[in-house]
Every structure is written in structure tokens, then in C-alpha cells.
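The structure under discussion is supplied below as C-alpha cells; questions concerning it will follow.
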Amino acid sequence: MSGSEPIMSANQSLCTHFTFVAFSSLAELQPVLFVVFLTIYLFTMGGNLLIIGLIWGTPSLHTPMYFFLVNLSFLEMCYITSVVPQMLVHLLVEIKIISVARCAAQMYVFSILGLTECCLLAAMAYDRFVAICHPLHYSLLMGPGVCLKLAAASWTTGVVVESVQTTWIFTLPFCGTGRIQHFFCDIMPVVKLACVDTSHNETTLFAISVLFIMTPCVLILCSYVRILVTILRIPSATGRSKAFSTCSSHILVVSLFYGTALFTYLQPKAAHTPETDKATALMYTVVTPALNPVIYTLRNKEVKEAFQRITLRSTLRLTP
């Protein structure tokens with residue numbers, strides 16, 4: 001059977017909306033989940049806004065590394081907003097419905113932001129590579145123009161690739177019950193609702209995932225191999241520790257993001273189950289964006305010092 005041969009029966013009609021299964025099996029816990037996810041969402045938004053505000057208001061943080069961090073914080077706020085508010089509403093209602101058009105819009109936004117983050121993390125790794133391996137040429141190699149081009153390339157790659165992929169997915173006919181075994185319009189749960197044999201589509205989607213998720217990942221690994229070699233050549237332990245501390249936060253964020261992304265999108269089809277898909281999706285849509293502000297504030301000396309200075313100034317102003 002070809003990848004586009006219809007398999008729908010005569011009495012089936014095309015779906016105009018989808019229904020999320022989401023957390024229906026945990027009906028008695030949904031009010032608790034609502035409070036938990038709402039708290040995490042507000043914390044994530046507040047934490048990332050705090051980072052953006054600190055960097056914006058502290059001239060000493062107007063460097064390439066923090067330029068990319070502002071981009072990452074803005075992206076994380078959009079990323080979690082593309083999923084969590086809808087999920088919160090659905091935790092309060094019995095029937096969790098979304099139109100096909102809104103489902104497509106959510107997939108556009110979510111997938112674009114996901115791929116953009118892959119590319120942005122690679123750009124951040126390149127920044128750390130230049131800072132540690134070529135410190136004398138850092139200001140030349142990472143000037144404002146270069147930073148803008150890297151950020152623009154990251155966003156452009158995400159928009160172009162995922163717009164084409166999502167448009168392609170929603171050219172498929174959807175029929176049957178329209179029940180999505182998930183809490184948002186992720187790629188594979190939606191593709192499974194198509195009225196055609198999607199084996200060819202799934203193979204193509206897997207190939208696209210390998211290419212555009214693994215390419216930034218390989219670039220990140222190559223950057224950190226070079227960084228590690230350079231750090232090990234530093235004679236003093238203090239120097240090695242200082243050099244490593246400048247990229248430790250980024251390493252943690254990359255590990256969290258790519259750990260869940262690789263597990264979700266590059267595992268074999270047979271390994272996918274609704275339960276594991278929802279669990280890993282919660283990690284990269286809710287938990288990881290919430291941890292990023294914590295990582296970049298608690299483990300970053302410059303951000304902590306900027307926060308302490310602003311807090312101290314605010315306290316002095318309020319003191320009579």
C-alpha cells in the first residue's frame with residue numbers, strides 16, 4: 001500500500017476537531033494537576049522574565065553569551081505558553097476538544113520553537129567554544145553582527161523547516177474518532193489519526209528529526225570536545241575551574257533538552273506508548289523550561305551578582 005492510499009471506509013467522515021485523552025485516567029487528580037502545572041507555568045514565566053530583565057538592566061551582561069540567553073528565555077516562555085494554558089483549561093473540563101485548525105496552529109508554534117531551540121543551543125555552544133578556545137579573538141569572532149546572524153539563522157531554520165513539515169502533516173486526511181492519545185498536538189499522535197497508510201510519512205518524519213535534531217547536537221558535542229581539550233591544557237586548577245564554570249549551565253540545559261528530545265523523537269516506533277509519550281512530553285514542555293531559569297540563576301555567578309545588586313538597590317530605596 002502506498003503512503004497516500006486511502007484506507008477509510010465509506011461511512012467514515014473527515015474530522016473537523018480532535019479530542020484529547022490527556023489525563024482522563026487521573027480524573028480525581030486533575031484539580032491537583034491543575035494547581036501544580038499552573039504554579040510551574042507562573043514560576044517559569046516569572047523566572048525567564050527575571051533573567052531578561054536582569055540582563056537588559058545590567059550593562060556588564062551585554063555580552064554574546066547573555067544575548068543568546070535572552071533569546072533562550074524568550075523562546076522558553078513562548079514554548080511553555082504554546083502548550084500549558086490549553087492543558088490547564090482541559091484539566092477543568094470534561095470534554096477536551098480542539099479544532100483541526102487550532103491543532104495545526106499549536107503544532108506550528110510548538111515545532112518551530114523546538115527546532116529553534118536546538119539551533120540556538122548549538123549557537124550558544126559555539127560562543128563558549130570561541131570564548132575558551134580562542135579568547136584573544138573573541139570580540140572579533142563574536143561581534144554583534146555575528147550574534148545577530150546566528151540568532152536569525154536559528155529562528156529561520158526553525159520556521160522554514162517546521163512550517164514545511166507541519167503543512168505537509170495537515171495535508172493528510174483525518175478521520176475516525178479523532179481521539180489524540182496526548183495532552184497537546186504533538187507530531188506522532190496526530191499522524192496516527194490519518195485515514196491513510198502513514199508508514200512512508202513516519203519514515204520521512206523520522207529522517208527529518210534525525211537530520212535537524214542531530215546536526216545541532218553533533219555541533220554541540222564537537223564544540224565541547226574542543227573545549228574539554230583546551231580546559232585540560234590549562235596548568236592551574238583555578239583556571240580550569242573558572243573556564244568550566246562558564247559553560248556548566250549550558251551543559252546542564254543541553255543535557256535536559258536533548259535527553260528528552262532524543263528519547264521522544266528518535267526512538268523506534270514500536271517503543272512508543274501513550275503513557276511514555278505523555279511522561280516525556282511533560283519533561284520537555286513543562287519541567288525543562290521551568291528548570292532553565294533555576295540553572296542560569298543559581299549556577300551563574302554573574303547573574304546572581306546582578307540580582308543581588310538590584311535587590312540591594314531596591315532595598316536601600318525602600319529604607320527610610
Side-chain angles (χ1 to χ4, degrees), residues 1-9 12 14-15 18-21 79 82-83 98 100-101 103-119 121-122 153-154 156-222 254 257-285:
M1 183 179 291
S2 68
S4 59
E5 182 180 341
I7 57 174
M8 58 188 294
S9 62
Q12 281 184 311
L14 296 179
C15 292
F18 299 129
T19 304
F20 291 110
V21 174
Y79 194 69
S82 70
V83 174
I98 187 171
V100 172
C103 184
Q106 184 181 55
M107 189 182 293
Y108 272 114
V109 174
F110 173 81
S111 59
I112 286 170
L113 293 172
L115 180 55
T116 300
E117 182 162 355
C118 290
C119 299
L121 290 173
S154 299
T156 301
T157 301
V159 170
V160 172
V161 173
E162 293 302 333
S163 293
V164 171
Q165 177 175 271
T166 304
T167 300
W168 177 44
I169 289 171
F170 279 88
T171 60
L172 296 171
F174 300 103
C175 56
T177 62
R179 288 170 61 86
I180 299 178
Q181 296 288 334
H182 218 305
F183 57 87
F184 74 103
C185 291
D186 204 356
I187 293 172
M188 292 311 299
V190 172
V191 170
K192 290 177 181 178
L193 299 180
C195 306
V196 297
D197 175 19
T198 60
S199 56
H200 174 70
N201 303 73
E202 291 173 12
T203 301
T204 305
L205 290 172
F206 181 80
I208 292 172
S209 297
V210 170
L211 177 61
F212 288 101
I213 292 178
M214 289 306 299
T215 298
C217 185
V218 170
L219 293 174
I220 292 169
L221 290 174
C222 291
V254 168
F257 180 80
Y258 268 100
T260 53
L262 293 176
F263 182 81
T264 301
Y265 294 106
L266 299 185
Q267 65 175 326
K269 178 184 175 182
H272 282 273
T273 66
E275 290 73 23
T276 57
D277 286 350
K278 281 186 276 190
T280 53
L282 281 175
M283 282 296 297
Y284 62 76
T285 59

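Counting begins at 1 with the first residue of the sequence. None of these values were measured; they are calculated from a predicted model.
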Hey, are the side chains of F183 and V83 touching, using non-hydrogen atoms and a 4.5 Å cut-off?
->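 Contact flag for F183/V83 side chains = yes.
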
Between atom OG1 of T285 and atom CG of L113, what is the distance when rounded to the nearest 0.5 Å?
->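 Going from OG1 on T285 over to CG on L113, the span is 12.5 Å.
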
Minimal non-hydrogen separation, C119 against T157, with atom names =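 For C119 versus T157, the nearest heavy atoms are SG-CG2, 3.9 Å.
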
Looking only at heavy atoms, which two atoms of G114 and F257 are closest? And how far apart?
->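 Minimum heavy-atom contact is O-CZ, 3.6 Å.
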
Donor-acceptor contacts under 3.5 Å from residues 211-222 side chains, at least two apart:
{"residue": "T215", "atom": "OG1", "partner": "L211", "partner atom": "O", "Å": "2.5"}

List the atom of M107, the atom of D186, and the distance in Å for their closest heavy-atom pair.
->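 It is CE-O, 3.6 Å.
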
T203: side chain to side chain donor-acceptor pair (under 3.5 Å) partners, not counting sequence neighbours |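 Partners of T203 under the side chain to side chain donor-acceptor pair (under 3.5 Å) test: none.
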
Which heavy atom in Q106 sits nearest to a heavy atom in F20, and how many Å separate them?
->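 Closest approach of Q106 to F20: OE1-CZ, 4.4 Å.
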
Side chain to side chain donor-acceptor pair (under 3.5 Å) against Q181, all qualifying residues, sequence neighbours excluded =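 Residues passing side chain to side chain donor-acceptor pair (under 3.5 Å) with Q181: none at all.
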
Non-neighbouring partners of Y108 that pass side chain to side chain donor-acceptor pair (under 3.5 Å), sequence neighbours left out |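 Scan of Y108 (side chain to side chain donor-acceptor pair (under 3.5 Å), adjacent residues dropped) gives T167.
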
Which word best sums up how the rings of Y79 and Y284 line up, parallel for under 30°, tilted for 30 to 60°, or perpendicular for over 60°?
->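 Ring orientation of Y79 relative to Y284: tilted.
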
Taking side chain as C-beta onward, heavy atoms only, is L115 less than 4.5 Å from Q165?
->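 With C-beta onward as the side chain, the pair stays apart.
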
L193: side chain to side chain contact (heavy atoms under 4.5 Å, CB included) partners, not counting sequence neighbours |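 For L193 the side chain to side chain contact (heavy atoms under 4.5 Å, CB included) partners, ignoring immediate neighbours, are F18, F174, I180.
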
Sequence neighbours left out, what passes side chain to side chain donor-acceptor pair (under 3.5 Å) with T166? Give chain and number order.
->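 S111.
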
Would you say F170 and C103 make side-chain contact, with heavy atoms under 4.5 Å?
->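 F170 reaches C103 side chain to side chain.
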
Identify the heavy atoms of I112 and G158 that sit nearest to each other, and give their distance.
->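 Shortest heavy-atom contact: CG1-O, 3.6 Å.
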
